[in-house]
Protein chains: 2
Amino acid sequence: MKIVKTIAELRSTLAGPRANGARIGFVPTMGYLHRGHISLVEISKQHSDYQVMSIFVNRIQFNDPKDFETYPVDLKRDFDMAEAAGVDAVFLPDDAEMYRAQRTFVDIELLTNHLCGAHRPGHFRGVYTVVCKLFNIVQPDVSVFGQKDIQQAITIERMVADLNIPVRIIIAPIVREPDGLAMSSRNKHLGAEVRERAVVISRSLRRAEELIAQGVRSAGDITASMREIIESGGPSAIDYISMVRYDDLQPVDRLEDPSVIAVASFFGSTRLIDNMIINKTNGGYACIW
Amino acid sequence: MKIVKTIAELRSTLAGPRANGARIGFVPTMGYLHRGHISLVEISKQHSDYQVMSIFVNRIQFNDPKDFETYPVDLKRDFDMAEAAGVDAVFLPDDAEMYRAQRTFVDIELLTNHLCGAHRPGHFRGVYTVVCKLFNIVQPDVSVFGQKDIQQAITIERMVADLNIPVRIIIAPIVREPDGLAMSSRNKHLGAEVRERAVVISRSLRRAEELIAQGVRSAGDITASMREIIESGGPSAIDYISMVRYDDLQPVDRLEDPSVIAVASFFGSTRLIDNMIINKTNGGYACIW
């Protein structure tokens, strides 16, 4: 596995495989890898021949400089996990390589005012900008984003379509613990007792799936029922339970095709998120979660 | 010469030449071609093997919808001129092909508050966004922009650097009438008498070049001298005579390396622009205008 620190070196590293007809797969990360990241590489390998992973803690997407400075780093472990997963090249630029005097930014109007964007001004702009840069640097054929961060995945799809970026975006399924809790590096902060109660989040999604199968279409009815289930687990707070249109993440009153139901809730002091994508199928709706 | 209306068809048109190792040159236009556009193609041919020209009147860069609706169109003449200039493929998308439900925009902070951006909110955002889209659609090796619209040329260079777009931007010299007046489709609006007086604009740039050669470095001194010359031609108004830093287009008090001196002035009811780029050389400054 090659570890490459400059844009020029990455481009020359990729020139060979590309000239030989290899399809380039790309998984952007901020490092401190966990099984979720590795699942993205595994899906990328199903669609491409040469795997690039970037590890770059992207300063411009942090609202609080302290969060940026204290972002966890464990490169040795990251490299081991990436190599074991079959990554061919890790792109590991430093801040100066990525940002000299950046004044150009990519932003998406309207999409980021709901869900997780509400309290993070500029966060998504920082994400779009770095992903756009990385796509131009790597020029991948496919790039994989996790459904776990559904707002990021959908808005990146939107950016790629709107800016005509020649890359195929794949949204990878959420990796779950046996009881259904979505995997997250935050889960380790949950005490054993709180951890057990947190299962109500995925259980609420299962309830939503059942209601939709029974013909319920009202966002109010579905989210009220989900709220009841989550409250039974004693969350310290529920941030949101929302049904939104897939295309623009705007709230809807009744189920549309396609839609997303997204949840954010605190258990103890840990904020947990989860979601499902709902697509119309022959004679019903498919819920992907 | 191929005329291509869809993104998919353009991509497949370019796949062949690209696979054969042809370097793709790209000149974006809004049509209604004049000799300035053709000079861009000629420069592009010096640096690439296959010439793409886009003709697309970009709705989102117009502040006034009426200006968009009344933008002149003469495709028959454009095709003849493009073919004669050696263009291989014209990309002629309609509005729906380029903009379905565009919500993603590219913008550059700070650079557009001076010069021609001051009174056109959103104009440059529309330009950056469409050029970014076109670069992703055409994926050219080189793309040529005219020095005449220096603010556009420099900010596109900046966008390309900031977003790591893999294209080389070439800034083409200003094409001038024998007396020095920069060519423009607007010159035809000048009556014969006004047209003659308008020569003071390029003459003021020549004066700036002389002053710089004599060692004058003060922006105030240089622009005051230029103003005197332009006023001698009886302009109906002078919009600006500015010395700005090349990199960020911010006004400077003293000549820096590199800098730009830009002029916008009305003669009759016609707004004319002109400019020079100033680069430090061994033992002096080179003025490109």
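Taking the six-membered ring wherever Trp is involved, the centroid distance between the rings of A/Tyr128 and A/Phe105 does not fall below 6.0 Å.
Ring planes of B/Tyr99 and B/Phe56: tilted class, angle from 30 to 60°.
Neither the backbone nor the side chain of A/Ala19 comes within contact range of chain B; no heavy atoms are under 4.5 Å apart. Contact annotation for A/Leu134: neither backbone nor side-chain heavy atoms come within less than 4.5 Å of a heavy atom of chain B. There is no contact between A/Arg100 and chain B, counting heavy-atom distances below 4.5 Å.
Of the inter-residue distances, the one linking B/Ile165 atom CD1 with A/Ile165 atom CD1 reads 9.0 Å to the nearest 0.5 angstrom.
In this structure, B/Gln250 contributes its side chain and B/Val252 its backbone to no donor-acceptor pair below 3.5 Å.
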